[in-house]
Amino acid sequence: MNIFRLLGDLAHLASIFVLIHKIQKTRSCRGISFKTQALYALVFVTRYVDLLYHWISLYNFVMKLFFMASSCYILYLMKFRYRPTHDPSIDTFKIEYLLGPSFFLSLIFNYEFSLTEIMWTFSIYLESVAIFPQLFMLQRTGEAETITTHYLAALGIYRALYLPNWIYRYITQDMVDPIAITAGLVQTGLYLDFFYVYFTKVLHGQKFELPA
Amino acid sequence: TGDRQGHDEL
């Protein structure tokens, strides 16, 4: 564990708390892509099956449980509790385009051709693109509530912080995880446009609006 | 990739 990974994980935790807070405070999941949230739930479930047979640390165990439980809770909030506030007609990204390639890539580029290893690899590839439906929705509506942008920023910062973590681990432990690094670069890259607007506008008190 | 002690990152 190093400071970058710890801060990254805390940013990830923060993003989830911000999202739940947004839904409960506004009593609405307007502006949130159900598809992206469902993909994250799938990411956590497929990645964390090792909970059942591989002990790493208490920290690791608790965080994994939290991410699985909170992602399912968010799906519950969106699908049942605040269902009327979710508008599927603007959440139209075809997730088959993300699920299919992630699955086939995980069959080809993996560390070991075993069920759990392929599930892990699939989850890494899928996570890197799972934000697409959310960004697509943002693009369509052209604007977002400020609190939603804080959620996205925390999520992007989490991924960005994993990059110095890998550099640090390469230097200090000689550890390289090419699959995670490649996917992490892609995932962080997807946030660059968003970060630009967030840091230049939202943090200066302006509304998140994309140029027409 | 041989010496993976499981995936320790989240």
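A, B, ... follow the sequence lines: proteins, then strands. Residue 1 opens every chain.
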Is it the case that over 12 heavy atoms from other parts of the model lie below 6.0 angstrom from the CG atom of A:N2?
yes

A:Y53 versus chain B, heavy atoms under 4.5 Å apart: side chain, backbone, both or neither?
neither

B:D8 side, atom CG; A:M175 side, atom CE - distance, nearest 0.5 Å
6.5 Å

Kindly check if the number of other-residue, nucleotide or ligand heavy atoms within 6.0 Å of OH (A:Y82) is above 12?
yes

Chain B: which of A:W166, A:F67, A:F44 shares the most heavy-atom pairs with it under 4.5 Å?
A:W166

Looking only at heavy atoms, what is the nearest atom pair of B:L10 and A:Y162, with distance?
N-OH, 3.5 Å

Are there more than 12 heavy atoms of other residues, nucleotides or ligands under 6.0 Å from atom OH of A:Y97?
no

Is A:W55 close to chain B through its backbone or its side chain, or both, or neither, when contacts mean heavy atoms under 4.5 Å?
neither

Side chain, backbone, both or neither of A:N60 within contact of chain B (heavy atoms, under 4.5 Å):
both

A quick test of your reading: do over 12 heavy atoms of other residues, nucleotides or ligands sit less than 6.0 Å from NZ of A:K201?
yes

Are there more than 12 heavy atoms of other residues, nucleotides or ligands under 6.0 Å from atom CZ of A:F104?
no

Which answer fits A:Y48, side chain, backbone, both or neither, if we ask what part of it has an atom under 4.5 Å from a heavy atom of chain B?
side chain

Evaluate the side-chain proximity of A:I124 to B:H7: yes if any heavy-atom separation is below 4.5 Å, no if none is.
no

